[in-house]
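Everything below concerns the one structure shown next.
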Amino acid sequence: MTQVIVITGARKGIGRGLAEYYLQKGRVVIGCSRNGSSLEHENYSHYKLDVADEVAVRAMVRRVERERGPIEALINNAGIASMNHILATPLATFERIQRTNLMGVFVMIREVAKAMSRRKHGRVVNFSTVAVPLRLAGEAAYASSKAAVVSLTQIAARELAPMGITVNAIGPTPVPTDLIRNVPEEKIKALLARQAIPRFGQLRDITNLLDFFLSPDSDFITGQVVYLGGVNG
Amino acid sequence: MQEVATKIVVHALTELNQDWENEGLRNPDVNTRLFGPQGNLDSLGLVALLTEIEERVYEELGVEVFLADDRAMSQSLSPFRSVRALGDYLAKLIQEQQA
């Protein structure tokens with residue numbers, strides 16, 4: 001049976017790259033984002049939704065399981081950021097970031113894990129960021145939402161373990177995508193200099209770790225957060 | 001609707017108990033205690049039951065319900081305490097969705 005993998009934030013950037021990567025590996029990929037996707041493939045379905053909309057997420061999970069098969073893995077990649085000093089950050093911006101980055105992860109885990117729990121098997125991988133352990137100034141809203149995702153990952157790992165579901169997180173370094181498009185170059189350089197391996201992350205760095213977390217042999221790996229570039233959590 | 005809802009709860013319990021083999025849930029009826037004092041379910045069991053019921057409600061009635069919502073969690077008497085209480089609560093949720 002072809003394994004179904006759900007990837008949030010699949011329209012562009014890392015999410016789009018992951019969708020294409022797993023399609024090449026023969027998986028059925030379900031992507032979702034607030035807008036439509038240009039990706040066309042017989043093994044790809046895209047859903048336009050807000051990941052924090054529990055009604056829409058549940059409807060998507062139902063439809064996917066009915067039309068494509070059981071969801072084997074969930075990759076919570078969707079995330080937004082807005083670099084700004086705390087004193088100049090509107091509450092609406094802070095709320096918007098928490099909603100997508102944290103609430104969206106919570107809702108997706110809850111609804112997908114319900115389906116996975118019936119089969120006593122599943123893999124969930126969330127996205128954190130090196131901005132968390134590096135306490136990156138200017139990213140209070142973003143980093144705090146991802147720090148919460150780390151805590152959610154670790155607790156979900158314990159709660160979902162009896163259901164055969166592992167939950168782990170990856171903390172990428174900056175990867176050249178729209179997410180960091182508006183970050184000044186000198187700030188990016190300063191951030192890279194704090195990594196043990198001072199370079200941009202690439203898609204292959206992320207898929208390398210994702211493949212490990214998703215592997216059937218990784219059923220004893222859960223509640224872990226791995227940061228790339230030699231950054232320590 | 002209450003009868004329909006209670007039947008869904010009982011069937012879900014019966015199905016799940018095939019794995020659990022809990023004597024207290026062998027022939028559940030409206031008086032069967034679920035979660036809380038003298039309950040037959042631990043927290044994992046409750047989660048499994050709620051998930052199963054939500055799925056059955058959709059399959060049988062085409063209605064989406066979220067059992068673990070704010071109202072359920074804030075009531076002084078938990079709607080998850082017994083089959084009767086859960087059936088009553090489920091009936092209310094279904095009727096709200098169908099309205």
Side-chain angles (χ1 to χ4, degrees), chain A residues 4 6 32 47 49-72 74 99 102-122 124 152-167 222-223, chain B residues 5 8-22 25 34-36 39-74 78-80 86 89-90 92-99:
Chain A
V4 178
V6 174
C32 59
Y47 288 80
L49 53 75
D50 170 2
V51 288
D53 181 342
E54 60 183 0
V55 174
V57 168
R58 180 178 284 190
M60 177 191 74
V61 171
R62 282 207 192 288
R63 196 165 158 197
V64 167
E65 294 247 317
R66 193 173 61 239
E67 295 180 0
R68 291 289 203 168
I71 298 172
E72 165 85 5
L74 166 64
R99 180 179 169 82
L102 175 59
M103 287 172 63
V105 170
F106 167 77
V107 170
M108 288 296 306
I109 290 177
R110 191 187 71 189
E111 296 305 317
V112 173
K114 282 178 183 175
M116 291 174 168
S117 69
R118 288 192 283 275
R119 298 181 285 277
K120 297 273 190 289
H121 180 77
V124 175
L152 178 58
T153 298
Q154 292 165 335
I155 295 172
R158 289 187 167 271
E159 293 190 9
L160 301 181
M163 301 167 191
I165 301 168
T166 67
V167 188
T222 197
Chain B
I8 289 175
V9 173
V10 168
H11 289 164
L13 259 180
T14 305
E15 171 86 19
L16 288 168
N17 202 44
Q18 290 180 12
D19 285 334
W20 297 336
E21 296 180 348
N22 182 331
L25 296 174
L34 294 178
F35 188 69
N40 287 286
L41 297 177
D42 58 14
S43 55
L44 275 183
L46 177 63
V47 165
L49 177 62
L50 299 185
T51 300
E52 181 69 23
I53 289 172
E54 286 177 351
E55 189 64 20
R56 281 174 181 262
V57 166
Y58 183 78
E59 283 174 5
E60 294 179 28
L61 304 175
V63 169
E64 287 286 9
V65 292
F66 291 86
L67 281 167
D69 66 359
D70 284 344
R71 274 180 302 177
M73 299 310 181
S74 61
S78 169
F80 307 139
L86 185 48
Y89 189 66
L90 179 60
K92 193 178 357 178
L93 291 180
I94 293 170
Q95 283 165 338
E96 284 174 1
Q97 288 302 311
Q98 290 178 329

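Since the model is a prediction, treat every value here as computed from it, not as a measurement. Only this structure's heavy atoms are used, side chains among them; waters, hydrogens and symmetry mates stay out. Order of the sequence lines fixes the chain letters, A, B, ..., with proteins taken first and strands second; residue numbering starts at 1 for each chain.
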- Options L50(B), V47(B), V65(B), ranked by heavy-atom pairs under 4.5 Å with chain A, top entry: V65(B)
- Message: Do the side chains of E111(A) and K114(A) get close enough for a salt bridge, i.e. N-O under 4.0 angstrom?
- Response: yes
- Does a sphere of radius 6.0 Å around CG in D42(B) hold more than 12 heavy atoms from other residues, nucleotides or ligands, not counting ones at 6.0 Å or beyond? yes
- Can you find a heavy atom in the side chain of Q97(B) that is under 4.5 Å from one in the side chain of L61(B)? no
- Message: Side chains of D69(B) and L93(B), heavy atoms from C-beta outward: is any pair under 4.5 Å?
- Response: yes
- Message: Using heavy-atom distances under 4.5 Å, tell me whether E65(A) contacts chain B through its side chain, its backbone, both, or neither.
- Response: neither
- Sort E159(A) into side chain, backbone, both or neither according to what part of it lies under 4.5 angstrom from a heavy atom of chain B. backbone
